[in-house]
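So the structure is just underneath, and the comments pick up after that.
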Number of protein chains: 2
Amino acid sequence: MSRKFAFLFGVHCHQPAGNFRSVFEKAFADSYRPFLKAMLRHPGVKFTAHYSGPLLEDMQNRERGCWDDLKELIGRGQAELLGGGFYEPILTVIPEEDRQGQLRMMSDFLAEHFGSRPRGVWLTERVWEPSLAKTLAAAGAEYTLVDESHFRAAGVADLHARYLTEEEGFSLSLFPIDKALRYLIPFRTVEETAGRLAEIAARDGLAVLGDDGEKFGLWPGTKRLVYEDGWLERFLDFLERERIPTLTFSEALDSRPAAGRAYLPPASYEEMMDWALEPEAAERFEALKRRVRTEDLRFLRGGSFREFFLKYPESDHLRARMFSVSRRIRAGGPPEALPDLYKAQGNDPYWHGVFGGLYLPHLRESAYAHLLRAEAFLAPGAAWRKEDLDWDGADELVWQDGKFGLFLKPSAGGSLVEIDHAGSFRNLTDVLTRRRESYHSAKPGPGEAGLSIHELSKTLPPEFERYLRCDPSRRRSWVDRFLGPETSWTNFRDRDFEDFGDFSEAAYEAEVQGPLVRLGRRARVRTGEREVGLSLEKTVLPGERGVRFATSVVNDGPGEAPLVFAQEWNFYQIPGELRIDGERIFLCGGRLSLIVRPKPEIWTFPLETLSQSEEGFDIIHQGYGLLTVWRLQMEAGGRFEAEAVLGESLEDPALRRDPPSGPRASGG
Amino acid sequence: MSRKFAFLFGVHCHQPAGNFRSVFEKAFADSYRPFLKAMLRHPGVKFTAHYSGPLLEDMQNRERGCWDDLKELIGRGQAELLGGGFYEPILTVIPEEDRQGQLRMMSDFLAEHFGSRPRGVWLTERVWEPSLAKTLAAAGAEYTLVDESHFRAAGVADLHARYLTEEEGFSLSLFPIDKALRYLIPFRTVEETAGRLAEIAARDGLAVLGDDGEKFGLWPGTKRLVYEDGWLERFLDFLERERIPTLTFSEALDSRPAAGRAYLPPASYEEMMDWALEPEAAERFEALKRRVRTEDLRFLRGGSFREFFLKYPESDHLRARMFSVSRRIRAGGPPEALPDLYKAQGNDPYWHGVFGGLYLPHLRESAYAHLLRAEAFLAPGAAWRKEDLDWDGADELVWQDGKFGLFLKPSAGGSLVEIDHAGSFRNLTDVLTRRRESYHSAKPGPGEAGLSIHELSKTLPPEFERYLRCDPSRRRSWVDRFLGPETSWTNFRDRDFEDFGDFSEAAYEAEVQGPLVRLGRRARVRTGEREVGLSLEKTVLPGERGVRFATSVVNDGPGEAPLVFAQEWNFYQIPGELRIDGERIFLCGGRLSLIVRPKPEIWTFPLETLSQSEEGFDIIHQGYGLLTVWRLQMEAGGRFEAEAVLGESLEDPALRRDPPSGPRASGG
């Protein structure tokens with residue numbers, strides 16, 4: 001047997017904290033349970049496994065068979081468990097204190113229930129930044145796994161060895177994951193996998209697999225392939241029969257010296273670095289990758305995970321909210337609030353690639369619910385907070401009185417980016433802006449046949465093109481618009497209208513007077529062939545009975561003006577939760593109401609997106625776009641006043657919503 | 001005048017703490033002094049300046065004219081001062097505590113002497129990593145300047161605006177430096193610069209210059225251009241006459257809203273990202289850059305600053321030593337040790353590009369001197385410390401008794417990577433390995449005429465090729481070698497010999513017994529047509545009278561063997577400092593001696609490198625390579641014993657060395 005060669009078999013299993021119960025059950029039945037049973041039958045094959053916190057808790061409470069099998073495998077010395085952030089956060093995008101807290105929570109859990117602290121860490125989505133070496137080492141970790149592409153980017157030639165890196169002198173071992181093994185296992189024959197192992201053995205290297213455990217049974221088609229057709233059994237037989245040396249990662253750490261030091265750039269697996277780019281950039285990057293020689297690929301850099309926050313303002317906002325909660329807990333909140341904060345940090349709703357992620361409303365809803373539960377531990381304020389929540393250099397105004405939460409953005413149309421109903425732990429405005437994704441149209445490269453969306457999926461409804469309509473800017477609420485007299489409901493739905501004013505994106509003056517915020521802006525709007533000046537003033541006043549949003553429009557002239565004044569709202573409501581009755585808009589199946597006076601025309605439409613998932617394309621109901629419309633004939637100097645009052649509804653208080661249904665996420 | 005356009009005129013001035021007095025004087029006379037005088041004559045032109053700590057201290061102590069002029073300019077509101085790490089460290093490669101310490105030291109200095117704390121920071125060599133946003137914001141900085149290439153890499157289109165970035169929610173403003181202005185000023189006509197400003201004004205952007213102040217008078221040819229020929233006067237006249245709006249950076253911060261958020265990858269200016277690469281990679285990267293379309297350049301990634309530590313083990317070792325000192329100061333050392341530590345963190349000797357940097361012995365010497373001065377504040381140990389100083393996964397053994405410092409690397413030939421003489425604050429082994437640099441041979445690309453080194457420089461001596469000899473591995477001391485009987489002094493000098501053993505790079509067993517370290521290794525060496533086994537044992541014993549290095553070689557057979565056993569040392573000694581008398585090797589002009597017994601043949605040669613600097617190529621004396629050689633005829637079972645004793649010499653104690661002479665560095 002060679003001096004150094006060994007196969008390091010690592011699997012990572014994860015389901016997001018907010019995922020459906022049924023997904024957890026299916027994942028255990030089809031994948032996690034039979035995988036461990038198979039390993040039990042092959043004591044000669046060592047392996048290393050990572051289960052994220054939600055899975056460990058589920059195992060502990062409901063999947064005792066798995067729990068016991070895992071203990072047995074660890075007791076035998078056949079299995080090692082990896083640590084990680086308990087609720088599977090992307091470590092680089094949460095506060096350092098929470099990184100340490102989540103890593104410690106996992107370490108404590110494993111020490112308590114499985115007898116020892118983990119020496120290694122599974123790096124969520126393998127999102128690496130140089131500063132992580134310090135974070136992980138400070139948390140007691142000795143090693144982690146990253147993709148070979150991380151190493152290629154650093155110019156490292158030998159990808160089958162352990163490396164060291166350091167940050168500020170904090171040292172950490174890194175194992176590069178072999179991409180070929182990731183693609184072979186379990187989709188190609190055992191013989192092909194054996195061939196790859198033989199290649200690595202011939203170079204006397206370490207053959208490292210670190211991949212989603214869900215590919216053993218949960219991914220489409222793999223239950224049959226891996227278990228019914230016996231792939232895994234044949235593979236484990238082969239490893240035992242051929243006496244392929246297998247090691248846990250800690251054993252490799254102790255017995256295989258590091259091949260050198262490496263400094264990896266910020267990176268993740270290759271696919272994610274494409275997903276983080278805007279569609280146009282992603283297309284150019286793909287084309288460039290095809291043109292560049294293999295040995296020069298190391299000089300290419302795709303997107304970084306942080307760019308998801310620039311690409312998706314909703315992801316950015318969720319993160320900004322999460323930071324705000326974290327900051328306030330650290331500033332004196334009770335530690336009881338931490339588990340909810342940590343759950344809200346789980347990576348899934350913060351990004352989007354081939355998994356639904358951000359596009360899945362139930363994952364976003366779960367994240368906001370946990371943030372609001374965490375905030376319930378904090379003392380409610382009785383004042384507006386000025387805070388540059390989203391790091392854009394302009395202060396937001398935040399009100400959180402324990403009943404409603406209001407996040408007002410004077411710099412962006414004096415509009416609301418979040419309205420929370422604390423009693424139901426819901427962000428009522430948690431919708432998604434419709435935007436172009438690169439998979440919406442795969443253009444052919446030069447001399448190359450491209451695939452259209454028609455060919456990519458056969459299951460799209462005939463009218464799918466309506467789901468490709470894009471919104472020019474982020475969907476917010478209480479947005480002031482001036483429409484043309486011909487603008488219709490369908491124009492609004494299709495975002496196919498001109499705004500004759502520029503109030504919707506402009507900065508408003510803001511003034512706080514006790515519980516009242518006064519927002520104001522003067523500007524010109526077009527009316528027919530000419531322009532008039534308008535003074536728009538809005539006030540927000542939260543009170544005992546709810547929140548009053550008042551608006552006044554004054555025609556500064558010159559002359560009389562016909563105006564179609566409208567205010568846009570966007571509500572995260574599943575079908576049936578939103579109902580309109582005259583000037584009353586019922587939310588949450590009647591629990592809340594927004595009463596708008598004077599009685600406007602109310603236009604509403606279901607906001608739907610088209611996104612990709614493992615199985616194909618999903619059309620997802622993200623909520624409702626809603627417009628209150630007033631047709632005005634305003635004299636010079638004339639004033640129009642309107643109000644909207646949001647409050648607990650006196651009607652149907654017992655009416656509670658069902659959990660929203662939608663496409664299901666399977667993690668990994 | 002446009003709403004937003006303004007010219008932000010930033011200059012950065014720096015000389016390394018260890019640079020020659022004469023360089024400081026010339027820099028003030030030719031550049032810093034006349035620059036400030038010119039600004040005084042043009043009160044209509046606002047500017048922002050950064051002076052590194054060594055310059056501020058020099059101004060305060062010796063250049064009172066400059067000091068007063070600067071105060072006058074600040075008092076007028078015409079100038080703003082930037083902060084930064086006091087001794088101009090690359091912030092990403094020093095410990096966070098020292099980042100904060102150096103930034104605070106500068107902030108305190110400016111507050112004390114110039115009336116207010118700086119709001120912005122000059123980022124040394126513009127070396128950016130994402131984590132810096134937190135570091136700088138935590139230090140109270142509101143903004144910094146980076147190159148437009150940083151922004152291009154992040155896919156940002158509008159390069160003439162202020163941006164925000166954040167790390168863990170710590171927010172920082174970033175100003176992109178216009179590359180065109182950097183190249184125009186002052187090398188092209190004022191009219192061309194005016195043209196560039198007009199272009200930026202037409203787009204209503206911010207025209208940001210942030211560049212070395214030394215280009216105004218100190219860089220070759222610029223004294224004449226800028227002052228004698230009047231470029232600067234004409235430029236300032238133009239700005240005043242045309243009423244070009246100029247702002248300090250803080251004024252721009254307060255009056256110009258951020259254009260958005262950006263997440264920059266680790267980067268510096270483009271040239272440095274080439275320099276950090278190994279020559280072969282640098283050539284491929286250059287070729288790739290030429291092939292790629294301009295709009296796709298954002299997807300290219302060169303080297304990162306950290307790669308200098310992989311490229312130059314001597315830079316890596318200096319940093320490792322610096323970290324070790326920093327750690328020990330933090331663990332209870334007196335704060336009086338900090339200024340020397342900070343001085344040792346100045347960036348210049350840690351890297352090499354077009355400035356001499358690491359290649360300049362007087363800068364390395366200065367860095368080690370400051371580290372040893374800092375260590376003089378720490379309690380000397382009376383024991384060997386085990387420490388993985390250089391983060392390679394193998395422990396070094398360190399002895400520091402206040403007289404000598406020994407850094408033993410059992411894993412690399414049981415050799416020494418550093419020997420310090422505390423009394424003279426010198427690292428006696430601070431030499432440089434001879435290595436290939438990409439500028440040593442510029443190969444022609446496909447279909448392209450290349451420049452040879454002959455064409456690149458006319459001033460090279462005819463025998464320059466001898467300076468291009470490379471060493472296959474890092475130069476260490478007390479390295480065990482077995483030579484062929486024909487190997488000569490010139491073979492040793494030219495590194496043109498075969499080592500018949502593999503002791504020089506192999507791992508030795510190490511055992512610490514009180515003050516004694518025992519190193520051992522058994523292996524085979526070639527002798528004639530066959531091999532014999534050898535047991536090599538070495539011991540190091542520091543004592544009152546000096547340090548004894550003892551070696552024993554035992555022939556384990558089979559049979560008798562003729563062997564040429566040699567031990568290699570490398571000493572940082574200027575010409576005249578090293579002298580050989582029989583078995584005695586005098587160092588430091590006689591102050592120290594290494595007595596080697598039995599009397600060996602001693603081969604020595606001046607270790608010289610060929611490196612580039614602003615003016616062309618420098619041949620630099622880096623010290624001496626030295627080999628002690630014994631020709632042995634060893635019976636089976638026979639033993640050979642040798643020793644080398646390093647101690648204060650009884651001879652010529654008054655003989656002190658002159659400061660070393662060498663090429664001069666001008667900073668920037």
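Labels below follow one simple rule: chain letters A, B, ... track the order of the sequence lines, proteins then strands, and each chain is numbered from 1. Predicted model only: the values in this text are computed from it and were never measured.
Within 6.0 Å of CD on B:Glu509 lie no more than 12 heavy atoms contributed by other residues, nucleotides or ligands.
Remark: the backbone N or O of A:Glu96 is paired with a side-chain donor or acceptor of B:Glu168 at under 3.5 angstrom. At distances below 3.5 Å, not a single donor-acceptor pair connects side-chain atoms of B:Arg301 with backbone N or O atoms of A:Gly302. Judged by distance alone, with hydrogens and angles left aside, the side-chain atoms of A:Arg284 form no donor-acceptor pair with the main-chain N or O of B:Phe299 at under 3.5 Å. Using a distance-only test at 3.5 Å, with no hydrogens or angles considered, a donor-acceptor pair links the side chain of A:Arg306 to the main chain of B:Glu166. A:Trp391 places a side-chain N or O within donor-acceptor distance of the main-chain N or O of B:Gly169, the cut-off being under 3.5 Å.
Heavy atoms closer than 4.5 Å to chain A are found nowhere in B:Val93, neither backbone nor side chain. Proximity to chain B is limited to the side chain of A:Arg293, based on heavy atoms less than 4.5 angstrom apart. In this structure, chain A has a heavy atom under 4.5 Å from the backbone of B:Ala154, while its side chain stays farther away. Of the two parts of B:Phe323, only the side chain, counted from C-beta on, holds a non-hydrogen atom closer than 4.5 Å to a non-hydrogen atom of chain A. Looking at B:Asp316, only its side chain comes within 4.5 Å of chain A, counting heavy atoms on both sides.
For the set B:Glu129, B:Arg319, B:Arg327, the count of heavy-atom pairs under 4.5 angstrom toward chain A peaks at B:Arg319. Contact tally against chain A (heavy-atom pairs below 4.5 Å) for B:Glu278, B:Glu167, B:Glu307: the top residue is B:Glu167. Interface remark: of the candidates A:Leu277, A:Thr165, A:Leu300, A:Leu300 forms the most heavy-atom pairs closer than 4.5 Å to chain B. Of the listed residues B:Gly393, B:Ala281, B:Ser171, B:Gly303, the one with more heavy-atom pairs under 4.5 angstrom with chain A than any other is B:Ala281. Among the candidates B:Ser131, B:Ser304, B:Ala287, B:Pro130, the residue making the largest number of heavy-atom pairs closer than 4.5 Å to chain A is B:Pro130.
Between the OH atom in A:Tyr263 and the CZ atom in B:Phe308 there is a gap of 13.0 Å [rounded to 0.5 Å]. Note that CG of A:Asp388 and CG of B:Leu164 are 7.5 Å apart. Values are rounded to the nearest 0.5 Å. Taking CD of B:Glu295 as the start and CG of A:Leu288 as the end, the distance is 10.0 Å to the nearest 0.5 Å.
Between B:Arg261 and A:Leu310 the shortest side-chain heavy-atom distance falls below 4.5 Å. Two residues are said to be in side-chain contact when any heavy atoms from C-beta on lie closer than 4.5 Å; B:Pro266 and A:Pro266 meet this criterion.
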Residue pair A:Asp296, B:Lys289: steps toward the salt bridge (charged side-chain N to carboxylate O under 4.0 Å, His left out) verdict: CA-CA 11 Å; A:Asp296 286 341; B:Lys289 278 202 284 191; over 6 Å; no
